[in-house]
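The first residue in the sequence is number 1, and the count goes up from there. Below, each value reflects all heavy atoms present in this structure, side chains not excepted, and no hydrogens, waters or symmetry copies.
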Amino acid sequence: MTRPRTGPGALAAGGSLPRTPLDVLRTQVTAHLGAAARTWLALALDEAAACAHAQGPISPWALRLAEAGRRCGTDHADAVRVLILTAAQADPDALTRVYRQGTAAERRAVLYALPHLVAGPDALPLVEDALRTNDTRLVAAAVGPYAARHLDAHNWRHAVLKCLFTGVPVDAVADLHHRARADTELARMLDDYAAERTAAGRPVPDDLHRVLALTASEAKES
């Protein structure tokens, strides 16, 4: 049985997958897998690369996404799926197809893969869809670097509030310190939410105070 590792060689956790260079991610994943899983992953990645940009409703590499948890273990499945998606150079259409047709785990992998695969805002509908759900793991995956780069101010503020509503730690929000800085509208929304919870006799999340403190910071001059 493959056992999780800790320390410098530890496998990137879900929230760090979009930020981890792909060569580093593959090295980390491979180091955590047994021989059979390593062989399967190498074949899956070769197959995905060979089918890159292939057209059709079902790509061979898409079938491997469904097998990832069984072949490599649930602890490593997110990272394995990201590696397969990037090896296949999945474009926004292919990513949308996987997202719409896949399981929650496959949708999460699509969201983690977005910063590696999509340079522009074409995949924003997937982020917006995830933020409409109450699946906390999807919400956490949706507020990564791709959202930080492409969500407009209005939708980004609501994404932060969604994290507070659903209990997703704001540490999941990529570039929070930069985007929240001196954001007076976000501060107003946070104050309103805190007042609503206080009036209802409900506790105000600690993370709300953290984000509110960031909004009070002055914007850095460019």
message = Using 0.5 Å steps for rounding, measure from the OG1 atom of Thr20 to the CG atom of Leu25.
response = 6.0 Å
message = Quick one, Thr133 and Val139 - any side-chain contact, counting heavy atoms below 4.5 Å?
response = yes
ask   = Can you tell me if Thr30 uses its side chain to pair, donor with acceptor, with the backbone of Thr27 under 3.5 Å?
value = no
query = Any donor and acceptor pair, going by atom type alone, linking the side chain of Arg81 with main-chain N or O of Ala109 inside 3.5 Å?
reply = no
query = Donor-acceptor pair, Ser16 side chain versus Arg19 backbone, under 3.5 Å?
reply = no
ask   = Does the side chain of Pro169 come within less than 4.5 Å of Asp207's, by heavy atoms?
value = yes
task = Check whether any side-chain heavy atom of Arg137 lies under 4.5 Å from a side-chain heavy atom of Asp78, and answer yes or no.
result = yes
task = Work out which heavy atom in Val211 is nearest to a heavy atom in Ala180; give both atom names and the distance.
result = CG1-CB, 4.5 Å
message = Around atom CG of Asp206, are there more than 12 heavy atoms from other residues, nucleotides or ligands closer than 6.0 Å?
response = no
ask   = How long is the gap from CD on Gln28 to CG on Leu17, to the nearest 0.5 Å?
value = 9.0 Å
message = Would the distance check show the side chain of His150 and the main-chain N or O of Ala119 forming a donor-acceptor pair, the cut-off being under 3.5 Å?
response = yes
message = Let's go through Leu85 and Tyr112 carefully: what are the C-alpha distance in whole Å and the side-chain angles of both, what is the deciding distance for side-chain contact (heavy atoms from CB on, under 4.5 Å) to 0.1 Å, and is it a yes or a no?
response = CA-CA 10 Å; Leu85 287 166; Tyr112 286 141; over 6 Å; no
task = May I have the step-by-step check of salt bridge (charged side-chain N to carboxylate O under 4.0 Å, His left out) for Asp129 and Arg100, ending in yes or no?
result = CA-CA 10 Å; Asp129 180 84; Arg100 299 297 181 195; 3.5 Å; yes
task = Would you give the length of the straight line joining atom SG of Cys163 to atom CG of Leu208, rounded to the nearest 0.5 angstrom?
result = 12.0 Å
query = Okay, side chain of Arg157, backbone of Glu185: is any donor-acceptor separation there less than 3.5 Å?
reply = no
His158 side, atom NE2; Met189 side, atom CE - distance, nearest 0.5 Å = 3.5 Å
inquiry  = Taking the side chain as everything from C-beta on, heavy atoms only, tell me whether Val160 gets closer than 4.5 Å to Phe165.
reply    = no
query = With a 4.5 Å limit on heavy-atom distance, are the side chains of Pro60 and Cys51 in contact?
reply = yes
query = Do Pro125 and Thr96 have side chains that get closer than 4.5 Å, going by heavy atoms?
reply = no
ask   = Can you name the nearest heavy-atom pair linking Pro18 to Pro145, along with the distance?
value = CB-CD, 3.5 Å
query = Closest approach of Tyr99 and Ala130, non-hydrogen atoms and distance?
reply = OH-N, 3.3 Å
inquiry  = Does Arg179 form a salt bridge (charged side-chain N to carboxylate O under 4.0 Å, His left out) with Asp183? I'd like the steps, not just the answer.
reply    = CA-CA 8 Å; Arg179 291 204 60 167; Asp183 189 334; over 6 Å; no
request  = Identify the residue among Leu138, Val143, Val82 that makes a side chain to side chain contact (heavy atoms under 4.5 Å, CB included) with Leu111.
outcome  = Leu138
key: Salt bridge flag under 4.0 Å for residues Asp191 and Arg188   = no
ask   = Distance-only, no hydrogens or angles: does the Glu106 side chain make a donor-acceptor pair with backbone N or O of Thr103 under 3.5 Å?
value = yes
ask   = Has Arg197 got more than 12 heavy atoms of other residues, nucleotides or ligands less than 6.0 Å from its CZ?
value = yes
ask   = What closest approach, in Å, do Glu67 and Trp40 show between heavy atoms, and which atom pair accounts for it?
value = OE1-NE1, 3.1 Å
query = Leu131 and Val127: side-chain contact (heavy atoms from CB on, under 4.5 Å), yes or no, with the steps?
reply = CA-CA 6 Å; Leu131 290 171; Val127 172; 3.9 Å; yes
query = Taking atom NE2 of His178 as the centre, does the number of heavy atoms from other residues, nucleotides or ligands within less than 6.0 Å exceed 12?
reply = no
key: Side chain to side chain, Asp152 and Trp156, heavy atoms closer than 4.5 Å   = no
inquiry  = Show the nearest heavy-atom pair for residues Ala147 and Ala142, with the distance to one decimal.
reply    = CB-O, 3.1 Å
query = Is Tyr146 reaching over with its side chain to a backbone N or O of Val118, donor-acceptor style, under 3.5 angstrom?
reply = no
